[in-house]
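Data first, discussion second: the structure below is written as structure tokens.
Below, each value reflects all heavy atoms present in this structure, side chains not excepted, and no hydrogens, waters or symmetry copies. Chain A is the first sequence line, chain B the second, and so forth, proteins listed ahead of strands; every chain is numbered from 1.
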Amino acid sequence: MADTATVSSADSSNQATISTPAASAGTSTESSAQQTKLPESKRWADVSDDEKDEIESKIESLAIDEPKKVNEFLEDPESANIEAVTSGGTPYTSAKRFEDLNISAELLQGLYVEMKFERPSKIQAITLPMILTPPYKNLIAQAHNGSGKTTCFVLGMLSRVDPKLAAPQALCICPTRELAMQNQEVLERMGKYTGITSILAIPMEDMPMSKLPPVNKQVVIGTPGTINKWFTARKLGMNSMNILVFDEADHMLAEGGFKQDSERIMKGIVKIRPNCQVLLFSATFNDAVKAFATKIVTEISVKEYNQLFVKKEELSLDSLKQYKVYCPNELSKIMVIKDKILEMGQKVGQTIIFVKTRNSASMLHKSLVEYGYEVTTIQGALQQEDRDKIVKEFKEGLTQVLISTDLLARGFDQAQVNLVVNYDLPLKYDTRGEPDYEVYLHRIGRAGRFGRKGAVFNLLCGDRDNMLMTKIETHFNSPVAEVASWEKDEDFEDALKKAGLM
DNA sequence: AAAAAAT
């Protein structure tokens with residue numbers, strides 16, 4: 001990894017200040033009083049003075065006029081080049097340890113004991129102080145797949161909730177019900193010792209609106225339609241809302257995505273709660289969405305905001321090895337899945353096969369089952385309970401291979417997934433022959449979570465696929481190696497070995 | 001085209 005990192009200021013006359021731990025400790029007297037339940041070794045107060053000095057000097061080296069040392073300090077295996085831009089004069093200290101954040105002992109316990117985290121990942125170290133330091137500014141944050149974005153906003157939500165107030169205070173909006181459920185699970189685990197309550201706002205077949213009592217849970221996580229529905233029906237009060245999170249924010253704000261729903265929710269809340277903090281998180285922000293996100297964040301409130309972006313050429317994960325496989329026809333693609341992926345993939349972990357349409361998902365599923373393979377398939381036309389069951393089985397490791405539409409392209413987090421197959425390459429719908437770069441990046445990001453190794457096989461059939469693949473390679477500046485022959489076992493074995501999976 | 005969800 002030869003990645004570099006920069007923490008820079010939007011305005012050179014108004015540079016972001018990096019304060020020392022001594023300075024920040026002086027402002028966190030409340031938290032040190034709460035940190036009594038923690039294991040000895042985890043307490044900032046117990047860190048030896050030598051160690052403090054060492055950390056202090058490292059953090060001082062973050063000062064932005066010393067770029068050389070910045071790079072050295074921020075170089076981190078799980079993430080690469082992030083550019084942070086802060087506005088206004090609020091000083092932020094990059095959080096080396098979770099203790100550096102002004103969070104409750106119960107939350108620290110959740111992080112260490114329940115989540116088994118040791119220290120903040122890079123995106124967490126940078127964004128958490130921005131999220132948690134008053135005045136609570138809005139944030140647009142881009143970071144690599146599997147780099148720990150969920151922890152950033154879940155911790156943000158949990159620490160902005162008053163556990164004694166039985167009213168919704170944090171709202172998280174996600175593009176799919178699966179992602180909403182996954183995020184709630186993380187929130188419940190991380191907040192295990194806080195007593196903070198949460199509820200899912202996702203479509204439920206057996207819950208008519210009239211039967212739903214007004215929400216008194218503290219955190220609400222859901223999909224845009226249901227949230228809007230509850231809001232309109234006055235079942236979801238916004239009077240105490242402190243923080244509003246958009247997961248997969250680029251998609252939530254995209255034309256042809258959930259733009260209208262998202263805007264409506266955002267404006268509805270800010271009207272009632274002008275100081276509600278808005279966080280936008282995603283691994284991808286294309287130029288159009290980035291511009292819109294910036295625009296709406298400044299529109300909805302006069303507050304200054306912080307932003308972090310990654311250059312598209314630097315978004316591909318180094319731990320993922322990408323391959324292309326030229327297939328003479330559609331049947332040969334099925335043969336590759338059957339004879340190569342399913343046979344060898346079994347040895348290296350779980351596999352997700354992405355297809356373009358619900359229909360091709362069913363077709364592929366059918367033919368693989370006919371050949372005697374055990375695969376499961378998920379797509380949006382399935383019953384909700386079936387979707388839940390299939391995800392649950394896969395997460396429990398009961399199934400090895402999952403066929404999916406782009407339903408699971410974003411956010412789905414399963415550490416054991418080492419193999420992603422693009423049965424079809426993602427295509428933008430309204431342009432001729434343009435690949436959907438963002439979807440491609442999200443799909444392949446289902447493998448190699450948090451720096452783990454992984455392999456991606458792109459099955460190409462015909463000139464159009466070849467052209468799409470070339471465009472993707474150029475766009476991300478990330479060469480995709482060729483598997484010499486779709487028919488040879490050795491070539492696939494070799495590929496998996498090179499990916500570090502065999 | 002797919003996604004969520006309301007129409």
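Counting only residues at least two apart or in different chains, salt bridge (charged side-chain N to carboxylate O under 4.0 Å, His left out) contacts with residues 435-451 of chain A comprise A/Asp406-A/Arg443, A/Asp413-A/Arg449.
In this structure, A/Arg387 reaches the sugar-phosphate backbone alone: every heavy-atom distance under 4.0 Å involves primed, P, OP1 or OP2 atoms, never a base. At a threshold of 4.0 angstrom between heavy atoms, the contacts of A/Pro224 with the nucleic acid are absent. Residue A/Gly222 is out of contact with every strand shown, counting any heavy-atom pair closer than 4.0 Å.
Relative to the side chain of A/Thr357, the nucleotides B/dA4, B/dA1, B/dA6 differ in distance, and B/dA1 lies closest. Between B/dA6, B/dA1, B/dA3, one nucleotide has an atom nearer to the side chain of A/Arg358 than all others, and that is B/dA3.
The separation between A/Asn359 atom CG and B/dA1 atom P is 11 Å, rounded to whole Å. The distance from atom CD of A/Glu248 to atom P of B/dA2 is 19 Å, rounded to the nearest whole Å.
Annotation: salt bridge (Lys or Arg N to Asp or Glu O under 4.0 Å) contacts of A/Lys471 (sequence neighbours excluded): A/Glu434. With sequence neighbours excluded, no residue satisfies salt bridge (Lys or Arg N to Asp or Glu O under 4.0 Å) with A/Asp339. The salt bridge (Lys or Arg N to Asp or Glu O under 4.0 Å) check on A/Asp388 picks up A/Arg177, with sequence neighbours excluded. With sequence neighbours excluded, the residues that form a side-chain hydrogen bond (donor to acceptor under 3.5 Å, both in side chains) with A/Lys324 are A/Glu473.
Distances shorter than 4.0 Å separate none of the side-chain N or O atoms of A/Arg264 from OP1 or OP2 on B/dA4. OP1 or OP2 of B/dA1 has not a single side-chain nitrogen or oxygen of A/Lys428 nearer than 4.0 Å. Remark: A/Thr405 is in phosphate contact with B/dA3, judged by side-chain N or O atoms under 4.0 Å from OP1 or OP2.
For residues 280-294 of chain A, proximity to DNA chain B is found at no residue, defined as any non-hydrogen atom under 4.0 angstrom from a strand atom.
With respect to A/Glu185 and A/Arg189, no salt bridge is recorded, no charged nitrogen being found less than 4.0 Å from a carboxylate O.
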